[in-house]
Amino acid sequence: MKYLMLIYGNQEKWASIQAEDIAKQDAFNKKYQDTGELIGAFGLADAAQARLVRRENGLPAVTDGPYLETKEYIASFYLLDCESEERALQIAADMPWADQEPVEFWPIMHEAKLDL
Amino acid sequence: MTASRVEDLLRELAPQVLAALVRRYGQFHLCEDASQEALIAAARQWPADGLPENPRGWLITVASRRLMDQVRSEQSRRNREEEIAVATPASELLGPPADAEPTDGDDSLALLFGCCHPGLSPPSQVALTLRAIGGLSTAQIAAAFGVPEATMAQRISRAKQTIKAAGLDFSMPPGAERADRLRAVLHVLYLVFNEGYTATDGAELTVPALSREAIRLTRWLHRLLPHDAEVTGLLALMLLTDARRPARTHSDGSLVPLAKQDRQRWDRTQIAEGTALVAAALPAGEVGPYQLQAAIAAVHDEATTMAETDWPQILALYNLLELIAPNPFTTLNRAVALAMVHGPAAGLDVLAALAADKRMARHHRLLATRAHLRELAGDPAAASADYLQAARRATSVPERRYLALQAARLTR
């Protein structure tokens, strides 16, 4: 079963991050890449770099934005593949800052055609 | 010889080659890599050049050579050569060569038991079994499970490290432990089957049909252990379930529930084989969960319509199954059987008791079952609400679509 974990934050938060914090996150990533459960971990660029894309007359039309009204926006996402939701929740709780900030946890839909 | 016939032959020889190497050199993690490389080399050469005179001997020779190359090229060359020398008993060096005729299936069986070692997580057991026993490549296994090859490679490599660290010698576990390990082996094969039964239909060549692979491996295990009733039961269960595959989906991929399936499209040959297997297993040995599930599948498969199904017999089998292997999903199925025999209210009572468990109460399977029984009980509004909740909680796209359609049908 695959799951998505999302971490939110803002500039202020990133500015306060220390080298040992990054090391903690790297250690987490390595730990679960080694077990074959963390498919990928991706940090997003700052919101200033985000764009909105549309298609106009068959061509890409790119504008600045999104202009987020929330104080925090997506900072990174993690893709898990685990034997059970229980195990995936355990990994989410093992995220370095899960004792201070919640980790957003989403099951991913699959194409399994179960028996009815 | 065609590439697909070569592949079939290679998959059959895979565990034998690996078993021969492990017997001679120990060092499962190194032997496994080497035998994979030999299989890949054969898959490339044989379709073009034709089969060697002794395919098995060819593979073992090539794999042994790769193993030596690998050992020599490692940085810790000296250490590793020592490891091999230490792991190879003197009698082995003087004994029959690794490609001597196999004594019997015991080596391959011991290998399978090793792949399902309790120290490994179930996903690792599955991946390792498919590679070492099934002869599938890491890329094929990754495609079958929908993960990147690197992730699957990591899973396999970690499993091999665990085996190395545990000092597993791949000999047959003794008496009492053997029964426990066989249970783990059957569970792994069942996981592979279910993954294949529920995921892709294997139409693409790059994605192996896992359910077919599980049947092939279980058939092989059944040949090695013909008198184990649960092995027979599992093979029967797979055949009887897989027989319904042609009728399970519409051409657009949407699901067809058992009640609406065109039973003419069920595979009668597979049903006959599965039924004969379970009929032979049940009176022979100790009754186990796979035999009972196979018996239930057989009763369904024998009925020409849903209405003609022998529900009292299905209910009796679920009662027995719940007794020997209690599980909330067995209880769910028992509730349906109970409803078919004694009416929906009796089934709903069982579900109410089951919903006392909070996690179960939110499970889409319980909600979907309750919806079905509430509809039978003549309460379409409550049924629709349950179907809607079930749809929201399902993570399978076709299943969610089906459940949402049911909710909509009842509010029309």
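Residue numbers begin at 1 in each chain, while the letters A, B, ... track the order of the sequences. The basis for the numbers below is simple: all heavy atoms, side chains too, and nothing from hydrogens, waters or symmetry mates.
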**Q** Assess whether a salt bridge exists between A:Glu101 and A:Lys13, defined as any Lys/Arg side-chain N lying under 4.0 Å from an Asp/Glu carboxylate O.
**A**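 Salt bridge between A:Glu101 and A:Lys13, a charged N being under 4.0 Å from a carboxylate O: yes.
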**Q** Heavy-atom pairs under 4.5 Å with chain A - which of B:Gln154, B:Met152, B:Lys260 has more of them than the others?
**A**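 Most heavy-atom pairs under 4.5 Å with chain A: B:Gln154.
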**Q** Answer yes when B:Arg362 and B:Asp357 have at least one side-chain N-carboxylate O distance shorter than 4.0 Å, and no when they do not.
**A** no
**Q** Select one option (side chain, backbone, both, neither) describing which atoms of A:Leu79 are under 4.5 Å from chain B's heavy atoms.
**A**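 Looking at A:Leu79, nothing touches chain B.
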**Q** Check whether the ring centres of A:Tyr73 and A:Tyr8 lie less than 6.0 Å apart, and answer yes or no.
**A** no
**Q** Strictly below 4.0 Å, N to O, side chains only: are A:Arg51 and A:Asp64 in salt-bridge contact?
**A** yes
**Q** Under a 4.5 Å cutoff for heavy-atom pairs, which residue among B:Ala159, B:Gly146, B:Ala153, B:Ser157 has the most contacts with chain A?
**A** B:Gly146
**Q** Would you check if the distance from the ring center of B:Tyr387 to the ring center of B:His372 is below 6.0 Å?
**A** no
**Q** Any chance the rings of B:Tyr190 and B:Tyr290 have centres within less than 6.0 Å?
**A**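 They qualify: ring centres under 6.0 Å apart.
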**Q** Output yes when B:Lys160 and B:Asp33 qualify as a salt bridge under the 4.0 Å nitrogen-oxygen rule, no when they do not.
**A**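 Looking at B:Lys160 and B:Asp33, the cut-off is met.
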**Q** So, do B:Val397 and B:Arg400 sit near enough that their side-chain heavy atoms are less than 4.5 Å apart?
**A** no
**Q** Side chain, backbone, both or neither: which part of B:Ala127 has a heavy atom under 4.5 Å from chain A?
**A**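 Answer is neither: B:Ala127 stays 4.5 Å or more from chain A.
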**Q** Residue by residue, scan residues 20-36 of chain A and write down, ordered by number, those that have a heavy-atom distance under 4.5 Å to chain B; if none do, write 'none'.
**A**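 Listed by number: A:Gln33, A:Asp34, A:Thr35, A:Gly36.
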**Q** Any idea which of A:Glu37, A:Met1, A:Glu83 has the most non-hydrogen atom pairs under 4.5 angstrom with chain B?
**A** A:Glu83
